[in-house]
Amino acid sequence: MKNYNHKKIENKWQKEWEKKGVYNAKSPSTRAKLATGRLKNKKFYSLIEFPYPSGDGLHVGHPRPYIGMDIISRYKRMQGFNVLYPIGWDAFGLPTENYAIKTGKDPKVVTKENSNTFRRQIKSLGISFDWSREINTTDPKYYKWTQWIFLQFLKKDLAYKAKIAINWCPQDKIGLANEEVVNGCCERCGAKVEKREKEQWMLAITKYAERLDKDLDTVNYLPQIKLAQRNWIGKSEGAEINFVVRQDLTISIKVFTTRPDTIYGATYLVLAPEHKLVNLITTPSQKNYVTNYVTKSKKKSDLDRMNAEKDKTGVFTGAYAINPATKEKIPIWIADYVLASYGTGAIMAVPAHDERDFEFAKKYNLPIKQVIQPVFGIENKRDDVVHRNTITGIVKSRDGKKVLMLKWKEYDWLSGVIGGINEGELPEKAAEREVLEETGYKTRAIFVSPISIESHFYAEHKNEWRSRIDHPVVLELLSDEPEVVLPREKEKHEIKWVDIKEIFASTMFGNNKLALELALSQSAYIGFNGKHKDSLVNSGQFDGLDSEKAKKEIVKFVEGEEKITFKLRDWVFSRQRYWGEPIPVVHCEKCGVVPVPDKDLPVELPKVKNYQPTENGESPLANIKSFVDTRCPLCKGKAKRETDTMPNWAGSSWYYLRYTDPKNAKEFASMKNLRYWLGVDPVRSRARDVVASPSDRGTATSNGVDWYNGGNEHTTLHLLYSRFWHKFLFDLKLVPTPEPYKKRTSHGMILGEGGVKMSKSLGNVINPDEMVKIYGADTLRLYEMFMGPFDQSVAWSTESIIGARRFIEKVWRIASYLQQQENSVSRKSHPEGEGSSAQNFPVADKLVSPDTLTQDFLLRNVNHSQRYTGSLTKLLHKTIKKVSEDIEDMHFNTAISAMMILATEMEKTKTVSVKDFKMFLQILAPFAPHATEELWTMLGEKNTIHLSDWPKWHEGLIKDEEIKIAVQVNGKVKAEIIIPADDGEKEVTRKALAHKAILGFMAGRSVQKTIYVKNRLINIVV
RNA sequence: GCCGGAGUGGCGAAAUUGGUAGACGCGCACGACUCAAAAUCGUGUCUCGCAAGGGGUGAGAGUUCAAUUCUCUCCUCCGGCACCA
């Protein structure tokens, strides 16, 4: 057998696999014929985000997710699943277009060149993609259906045109995508970006907001992905309430609030500058100020708004509204901290309970009225211990005011130190009574301070001095008697005098200074930031009511309407660019907007000479007369084509559907194929309604793509957009499931050496071609999976890749040795085997009989991560188990580590049988497909390893007869003992105490108790 | 500011229903083999200490027989969002 040479085997096997179609998914139509073989009806659809073929080619970061999902796909294939693991090109987009502008090259040609490079690079890694299903979003046969789906949106009135503000670069005279705006300036020329109103196509994703939020309960996404989606959708429940401005003119202002319970504290209203009632209500005397302010804020760019974040501005309209709860007249202001686009564009300001309102009220001297008070006497229950606050001391503020200090106390030790408890009275109640009786003070303001005050106390039940850090709660006192009271001197507390400057309060606002300021200046009550109950004060008939209950009752009382609002905005679907799908509509003077009939789809991109957008910001298509001038499909009169194109999110919103039926010319995908691959196959499983379960914690009840892995950067937009499209298609009964993806995970980025982003400009890009050339694809694959946890970003290190290579070489040497052994058995006359390159491999004399290992080996290999004892076969089966489980959890790094341990042991002990070694090759195959295939064949196998049956581990072989446990004294490890696995506690204790190291420790001490943790340790407390 | 994620040897990292911290790999040192080198194999490699023993998972505290893991406060780094009422 020759030495390991990746160059000789990798390309060979890649060609062989492709020729035989080893990785091609079987369609449901051909499935029946194959049903007798290993491809029964189990299917598995694994998906990666298809790449954007850029001119730079692949860098080593790109393949990480492909390799990860490749391992999973190969693993599933070996388990007998019919696996669909497809790939394609998401090729519309700006970089290609900008390149076209610069060079005058046709983007189509550029895309072709780039995807050729990407394809060659990806193929050289031996990823088991089904290349027969390759798609390209810029292929008219593909974007025909993107356009067709758009027209379905149009027919259902979910696509519409609206005037909205876009980012406009005055120098380049083009509209910019958000990602092209860097710090408020144009990414290319650096000019300051302006806002400009333009007609844009929109998709009404907000109509699906509720379902997009709710159905997250039915899918198995990583929790942080669900959270990101939820935050982006931004559902908030509240109410709309009318504030009457002028009875005679029946003008009223509708506000949206999530806190109707605070309405008694609403001391003014604020309208967004763009609010339509602004002109109507402004009084003549204020007119000038208001007009000025409105014009000024309209001019403000996003950058200005960002800079102005801390400084709130506004102007009084001169008008007043009636607070429907208090019936009081409150002023109406205009301020740009209120957004026109959210809620109703108007708010009721409650400065006592909203940070922004508070800031504004302070600046313009508006009244602040406190209406929420936390319930005194906080009770936290955790670990079955009740934590309560009690008053323990008094501190003096800077201005001489006395404040009571509360401390978080713990029930258990408090009971030991407080005297004078009344029968049946809780100790902390007693303390509270004691202090309040002694001081006669009552609380007015209350806030929790996160600064910690160290105190020392004598814990009687422990019989020792202890110190602890307390987090005092500070109460402002009603009385101004400058008397200091030290309650409970028994407790030997050190009462600290604290300058009030040092105390920062933590409140419901999360702003400490604000709370302190408010507490001292307004004498207002402020709530706790945490587990507490808010109740209403200064709220008329609702006083004392729980905040949550009050919300509902007050909405009824003021005749408001409960309302759910979302942060999510409709999707701007137009780009004034060339390199995108043309929006397939025609503008007819008589008939208006007319969709292009299905038979005329696709509307293909015409050839143009110049890809530069036009002077007035229209797409380059607007300059192509032959494209623009057309006939109206309805009246056959003169008409003009739409020249806007779709954003690059369009093609990727449904590509996973096309993979199931990539060549279908009649529909975007047949229902038959969709039902099969999305898991609603009528043959195997009945289609079922998906019921949302609010208690869902990652269990999928939906069907869809079985496993979709992608980048964190796409967890909001792409994921949300494609869920939206899918739900829409579901409503049209064109797809069989309400959700596209059953499971979604993310991978971490690969950074450049030194932990910075890999980029061309930094010159730290590592090209996989070079790695494949030097080390081989298998080494690169192993290293990328071994370098760190799959979901975490990790810095590339060319220095470390050698470890993966050595591992493969080690596996190779073992195989050589085994083959040599076989040869020497069959040809006894040549025991050394001839022409062997395994010359460095010592043989024969060091052999021990199979399944019998030396005591030395046993001791060496009982380690923490993989507590194994016994034979190599045992270790093999443990490794099979670990690798199988780790693959499912994407813990590829630890799976490889386990296989390295096994390989080292195999080489060291030379006790491995060919049968066992082949099993090892099988579990390694998803990671290093080429080398394992080669060795598999060399060891006499005829069929590919990648469709062989995944090895099963035997539970009986995994159990240990002997285990090694630690012996601790007072929690510190002092010795280790080996015991039979079924030893009882008594026996183990006896053995532990008999150990000589322990005997030494025990001299002069007696055992208080022992704690025995089965298979782990025994702890002796002295 | 808010929302996520993360802080463990010289480096990438293991270990979380609390139970022997540093598996595995890189690097480094020494040894074997070799005329020599490479490759390979072996030994060692958190830290203080000759040792016996201590200390140690960003900092500080708490709970516990036992804390990288749980609780609290704080710090740093990375990613996302920016006045969403």
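Just so we're on the same page: letters track the sequence lines, and every chain starts at 1. Since we're looking at a predicted model, the values are computed, not measured.
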Which part of the nucleic acid, if any, lies within contact of [X], taking any heavy atom under 4.0 Å across all strands shown: a base, the sugar-phosphate backbone alone, or nothing?
| X | value |
| --- | --- |
| Leu227(A) | sugar-phosphate |
| Lys757(A) | nothing |
| Thr257(A) | sugar-phosphate |
| Arg569(A) | base |
| Thr1010(A) | nothing |
| Gln968(A) | base |

Quick one: is [X] getting a side-chain N or O under 4.0 Å of the [N] phosphate, OP1 or OP2?
| X | N | value |
| --- | --- | --- |
| Arg806(A) | C26(B) | yes |
| Ser793(A) | G79(B) | no |
| Lys974(A) | G54(B) | yes |
| Asn893(A) | A14(B) | yes |

To the nearest Å, give me how far apart CE (Met906(A)) and C1' (C41(B)) are.
17 Å

Nucleotide opposite C77(B) in a Watson-Crick or G-U pair, distances under 3.5 Å:
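Pair assignment: C77(B) / G5(B).
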
Identity of whatever pairs with G18(B) - Watson-Crick or G-U, under 3.5 angstrom
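With both distances under 3.5 Å required, G18(B) matches none.
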
I need the residues from residues 780-788 of chain A with at least one non-hydrogen atom less than 4.0 Å from RNA chain B; give them sorted by number, or say none.
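The stretch gives Phe786(A), Met787(A) as the residues lying under 4.0 Å from the strand, ordered by number.
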
From the list [options], which nucleotide is the closest neighbour of the side chain of [X]?
| X | options | value |
| --- | --- | --- |
| Val794(A) | U20(B), G12(B), C26(B) | G12(B) |
| Arg813(A) | C3(B), A15(B), C41(B) | C41(B) |
| Gln792(A) | U20(B), A13(B), G25(B) | A13(B) |
| Glu809(A) | A85(B), C26(B), U40(B) | U40(B) |

C1' atoms of C81(B) and U16(B), separation to the nearest Å:
30 Å

Any donor-acceptor pair under 3.5 Å between the side chain of Lys908(A) and the base of C41(B)?
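No pair found.
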
Ring-face cation contact, Phe566(A) with Lys235(A), 6.0 Å cut, 45° max:
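No; the conditions do not both hold, so Lys235(A) does not lie above the ring face of Phe566(A).
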
Is it the case that Thr313(A) and Tyr293(A) place a side-chain donor and acceptor less than 3.5 Å from each other?
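A donor-acceptor contact under 3.5 Å links the two side chains.
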
